[in-house]
Number of protein chains: 2
Amino acid sequence: MMKRIGRYTIAFEDAPAIVGYGAVAGKKESEGPLGENFDKLFYDAYMGQDSFEKAESLLQQEAVSAALKRAEKTAEDVDFIFAGDLLNQCISSSFGLKEFNIPYLGQYGACSTMAQGLIMAAMTVSGGAARCSACVTSSHFCTAERQYRYPLEYGGQRTPTAQWTVTGSGCCVLASEGKAPRITAATVGRIADLGITDLNNMGAAMAPAAAETIVDFFRDTGTRPRDYNLILTGDLGLVGSRCLYDLLAEEGLEIKGRHNDCGLMIFDRSVQDVHSGGSGCGCAASVLCSSILPKMLDGKLENILFIATGALMSPLSAQQGNSIPAVAHLVNIVCG
Amino acid sequence: MMKRIGRYTIAFEDAPAIVGYGAVAGKKESEGPLGENFDKLFYDAYMGQDSFEKAESLLQQEAVSAALKRAEKTAEDVDFIFAGDLLNQCISSSFGLKEFNIPYLGQYGACSTMAQGLIMAAMTVSGGAARCSACVTSSHFCTAERQYRYPLEYGGQRTPTAQWTVTGSGCCVLASEGKAPRITAATVGRIADLGITDLNNMGAAMAPAAAETIVDFFRDTGTRPRDYNLILTGDLGLVGSRCLYDLLAEEGLEIKGRHNDCGLMIFDRSVQDVHSGGSGCGCAASVLCSSILPKMLDGKLENILFIATGALMSPLSAQQGNSIPAVAHLVNIVCG
């Protein structure tokens, strides 16, 4: 069962366990600081498929397969899969997962999707709707670039605030039992929009949502940043992380020493030409499932906050002159 | 709390109540058989906005406002809102709902979104995560037509199997207490794909998903079609409904006398030139919330199955030659 704490936070009294996880990534990610942590790496952007979109679907398949294997479960054991991605109509997920034949609930939270999926999966396990639930998300540089920005062949220039979409996918499998990292609480975000219109500065557009959700969580639980080993955001990048520090400072919260961002971890900004850092649904998902959950199991991290942020605009809404609404969801994961 | 029945079905032991509902629609819908049932009608496709997309966002706002009013609740009372639509990156929902400031969980199930949202909202209420949850979805003929098919100005010809996207929105507000229609069980669908590639025949693409989910539900619960007053599909239209009858007949299930389809109810096919019937997220949502739930409250319908189906392709996946995966989710609603 779940119960509410304060206005926006829910506590999972039975704390569903992340009994399996899997992460895969592409060539550029293989060359980054986390390269050796992934379950599988793909050096060809097509991954042997005839379109980049099919390659992204394959990323999800590989991440789900790796997570199921680690959980020692089959697709038959999974009662629900929560999945989403950045492509129009979330086709990476629907095409990627159809062969698994798992009851499917499509999610759209842009780059916040991994946190959203974790929350939904935890709710189904905690509430008794599922014995086992999974969540997965992905992104692919080549599919995102041509859908959101320019044809790849055009070679568009990037501003210093721009981020590089991660080619990768991460999947978690949750169940009620098992010695594993557990989801103890979560805060679902509200839509925040401070009027940013620059599509090349997603970090700034998403930072207010992250700040709001983090403030909500600390207020609801009566905890402070020092109570956590790591406060991990999804893909704010360098610019967005700095915005977040400023916004939280206004609320009297200092997270700098305990904060990291998946978009800053997955690439080495000094040599990989990714400007403000990595981004995309697959960024937070693949970092969590390759480099954070294993550290929790190894006893190197005990109590973390995972906050994934999503920008909820579309190319069309931007062309129509609208600002960028964003959302952030927070998951408290504890191990040991 | 929830418990599982059979392989794919969940029972809501405390049966969350639909304590409020609201539905709005456009001009063509106002001229159909259900015209007088909507809470509000908009005769101008722009609804006073400067784009069709903003008009669709306004449809969601109006449906949510009507549902909250009927529930005698404010946005402050709602712990989560589950929302989705057909537009790329679900912008009708994110832009439409941001002013409500309700914790937001974006859903993508194409035209199955209303059933999915009901299931998710019911899960949060039943599991103790929410005291009150809402779900909403919408579609708009003009936004869908130009995104999925042709520019409106082009005046494309339509095949006899084509459907007409409903301009409308429906919202339900769920809570644990209240004398109202209650959600007693649900079946989450798996992705079905029998290889249909004709984008002008969505009914045929979605019927296999509907059949599979309906068969799952009857098998899991041990019930038969005669146990329900109404078996209501979302937007299979005439062609899809006939496919569904054939597919269910192969399983020994006869639903013809008890079946209706929201896409067949909302328009008068004999005079409104909608070919196979209505479609879109807003079709199932606006029919349920204008014409079905009130009948349940009036005692004219006691026990119904609501099955919304979604086609999970995109224009790009179709251009790349892929078939159309589909999904269907089923909700059992009981009143009295």
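Every chain is numbered from 1 and lettered A, B, ... according to where its sequence line falls, protein lines coming before strand lines.
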Asker: Verify the neighbour count for atom CD of Glu13(B): are there more than 12 heavy atoms of other residues, nucleotides or ligands below 6.0 Å?
Answerer: yes
Asker: With chain B as the partner, which of Leu105(A), Leu97(A), Val327(A) has the greatest number of non-hydrogen pairs under 4.5 Å?
Answerer: Leu105(A)
Asker: With only heavy atoms counted, which part of Leu316(A) is less than 4.5 Å from chain B, the side chain, the backbone, both or neither?
Answerer: side chain
Asker: Can you say whether Phe100(A) sits under 4.5 Å from chain B via the side chain, the backbone, both, or neither, judging by heavy atoms?
Answerer: neither
Asker: Which one, Met123(A), Met120(A), Gln89(A), Arg190(A), leads in non-hydrogen pairs under 4.5 Å with chain B?
Answerer: Gln89(A)
Asker: Specify the closest pair of heavy atoms between Pro325(A) and Lys98(B), including all atoms of both residues, with the distance to one decimal.
Answerer: CB-CD, 4.3 Å
Asker: Calculate, to the nearest 0.5 Å, the distance between atoms CE and OG1 belonging to Met2(A) and Thr124(B) respectively.
Answerer: 8.0 Å
Asker: Side chain, backbone, both or neither: which part of Phe82(A) has a non-hydrogen atom closer than 4.5 Å to chain B?
Answerer: side chain
Asker: What part of Lys3(A) lies closer than 4.5 angstrom to a heavy atom of chain B: side chain, backbone, both or neither?
Answerer: backbone
Asker: Let me know if Asp193(A) has heavy atoms under 4.5 Å from chain B in its side chain, its backbone, both or neither.
Answerer: side chain
Asker: Look only at the side chain of Gln320(B) and the backbone of Ser51(A), and say whether a donor-acceptor pair between them is shorter than 3.5 Å.
Answerer: no
Asker: Closer than 3.5 angstrom, by distance alone: can the side chain of Ser314(B) be matched with the main-chain N or O of Ile91(A) as a donor-acceptor pair?
Answerer: no
Asker: Is it the side chain or the backbone of Ala110(A) that comes within 4.5 Å of chain B heavy atoms, both, or neither?
Answerer: neither
Asker: Is Leu86(A) close to chain B through its backbone or its side chain, or both, or neither, when contacts mean heavy atoms under 4.5 Å?
Answerer: backbone
Asker: Verify, without hydrogens or angle tests, whether Gln107(A) (side chain) and Tyr108(B) (backbone) share a donor-acceptor contact under 3.5 angstrom.
Answerer: no
Asker: So which part of Phe80(B) gets closer than 4.5 Å to some heavy atom of chain A, the side chain, the backbone, both or neither?
Answerer: side chain
Asker: Relative to chain A, which of Gly189(B), Ala326(B), Ala192(B), Pro315(B) shows the most heavy atom pairs under 4.5 Å?
Answerer: Gly189(B)
Asker: Which bit of Leu87(A) comes within less than 4.5 Å of chain B, counting heavy atoms only: side chain, backbone, both or neither?
Answerer: backbone
Asker: Provide the closest heavy-atom pair for Arg131(A) versus Arg7(B) in the form atom of the first, atom of the second, distance.
Answerer: NH2-NH1, 3.9 Å
Asker: Side chain, backbone, both or neither: which part of Glu99(A) has a non-hydrogen atom closer than 4.5 Å to chain B?
Answerer: neither
Asker: Give, as side chain, backbone, both or neither, the part of Tyr104(A) having an atom under 4.5 angstrom from any heavy atom of chain B.
Answerer: both
Asker: When rounded to the nearest 0.5 angstrom, what distance separates SG in Cys90(B) from CG in Leu312(A)?
Answerer: 9.0 Å
Asker: Just by modelled atom types, is the Ala129(B) backbone N or O under 3.5 Å from a matching donor or acceptor in the Arg4(A) side chain?
Answerer: yes
Asker: If I measure from the heavy atoms of chain B, does Ser323(A) come under 4.5 Å with its side chain, its backbone, both, or neither?
Answerer: both
Asker: In this structure, are over 12 heavy atoms from other groups packed under 6.0 Å from Gln49(B) atom CD?
Answerer: yes
